[in-house]
Amino acid sequence: MSVNKEIKKITTHTLQKMKEAGEKISMITAYDFSFAKIFDAAGIDIILVGDSASNVMAGHETTLPITLDQMIYHASSVVRGSSRSLVIVDLPFGSYQGNSKEALNSTIRIMKETGAHAIKLEGGEEIIESVKRIVGAGVPVMGHLGLTPQSIYKFGTYIVRAKEEQEADKLKKDTLLLQEAGCFGIVLEKIPAVLATEVSHKLAIPTIGIGAGSGCDGQVLVMHDMLGINIEFKPRFLRTYLNLHEQVTGAVQHYIRDIKSKDFPNDQEQY
Ligand code: KIV
């Protein structure tokens, strides 16, 4: 039997056991109560309240504009919809880069005001002090390396990261620093599969990949991408499990037709 099925509530310790048992970890983003409830009941291990909310919920081009207050709103809705999954919340851009005290204060707001179980933040060496301070305060921290969307203006593009030796070496160093600082896991975004596999073998803590190949200890996708809501986004790493865009369009067109033709509501659908 898998570690997963025996567990009533997923914790960071469960994830560690899954890695040790070779059981892959499943993770998906959610931003509201209703979808969180569906994903939790479906048995997902981790729900990430990603700052991708800035893109898929608010329509911004990047993740930079979303605020701490907005993340707290999304996260508290997700927490109300989940009972078994581990809920992790992204610290948004501008809420932790200043210094470790700022990072801890933002984390405390998230933990107090949402009921979430852990936070995630982007970066390596440059955020180690913040990771130590947050972990020291008793809050589980997940790292995020490779393509880090909050630094998009530094990179200039969303292409695969760490293909060159120098960047790959820095990434390897950063994974070890994050582990030593107390992270319980690390998201690896859009890096070569060979590199992600090497890092995943070397680390004691689990890695969760997105566009980082099958060697990671788990996988994460943005719900709008894997459900086929966001049809413009078609990167190679994405597998879509539903064409919700087409299905919702069809349903709404059907609804419009029924109203226009005076078919809806019928005698049974009124008081
Ligand atoms: O914000 C987000 O959705 C993320 C995932 C892509 C890992 O960080």
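The shown structure was predicted, so the numbers you read here are calculated from the model rather than taken from an experiment. Start at 1 and go down the list; that is how both ligands and their atoms are numbered.
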TODO: Using a strict cut-off of less than 4.0 Å between a Lys/Arg side-chain nitrogen and an Asp/Glu carboxylate oxygen, indicate whether D51 and K120 qualify as a salt bridge.
DONE: no
Open item on the list: Which of the numbered atoms in ligand 1 are under 4.0 angstrom from any heavy atom belonging to H144?
Closed with: 8 (O)
- [ ] Mark up the atoms of ligand 1 that fall under 4.0 Å of a heavy atom belonging to D51, in ascending order.
- [x] 1 (O)
Task: Which of the ligand 1 atoms, numbered from 1, are nearer than 4.0 Å to a heavy atom of D90 - done: 1 (O), 2 (C), 8 (O)
Task: Centroid-centroid distance, Y31 to F35, less than 6.0 Å - done: no
Task: Enumerated ligand 1 atoms positioned under 4.0 Å from heavy atoms of V222 - done: 3 (O)
TODO: Scan side-chain atoms only and decide if D32 and S77 contain a donor-acceptor pair under the 3.5 Å cut-off.
DONE: no
- [ ] Mark up the atoms of ligand 1 that fall under 4.0 Å of a heavy atom belonging to G50, in ascending order.
- [x] 1 (O), 2 (C), 3 (O)
TODO: Just need the protein heavy atom nearest to atom 4 (C) of ligand 1, so name the residue and atom and give the distance.
DONE: L48 CD2, 3.6 Å
Open item on the list: So if I count the atoms of ligand 1 from 1 in the order they appear, which ones are less than 4.0 Å from some heavy atom of K120?
Closed with: 4 (C), 8 (O)
Task: R84 side chain reached by I10 side chain, heavy atoms, under 4.5 Å - done: yes
Open item on the list: Between Y96 and S130, is there a side-chain heavy-atom distance shorter than 4.5 Å?
Closed with: no
- [ ] Return yes or no for this condition: an N or O of E189 is under 3.5 Å from an N or O of ligand 1.
- [x] no
TODO: Could you tell me which atoms of ligand 1, counted from 1 in the order shown, lie closer than 4.0 angstrom to a heavy atom of I210?
DONE: 6 (C)
- [ ] Can you sort out which atoms of ligand 1 are near T29, meaning under 4.0 Å from one of its heavy atoms?
- [x] 3 (O)
- [ ] May I ask you to test the K173-K170 pair for a side-chain heavy-atom distance under 4.5 Å?
- [x] no
Open item on the list: Any heavy-atom pair between the side chains of E23 and K17 that's under 4.5 Å?
Closed with: no
Open item on the list: What protein heavy atom lies closest to atom 3 (O) of ligand 1? Include the residue and the distance to one decimal.
Closed with: S52 OG, 2.5 Å
TODO: Would you tell me whether T197 and S200 have side-chain atoms, one donor and one acceptor, within less than 3.5 Å of each other?
DONE: no
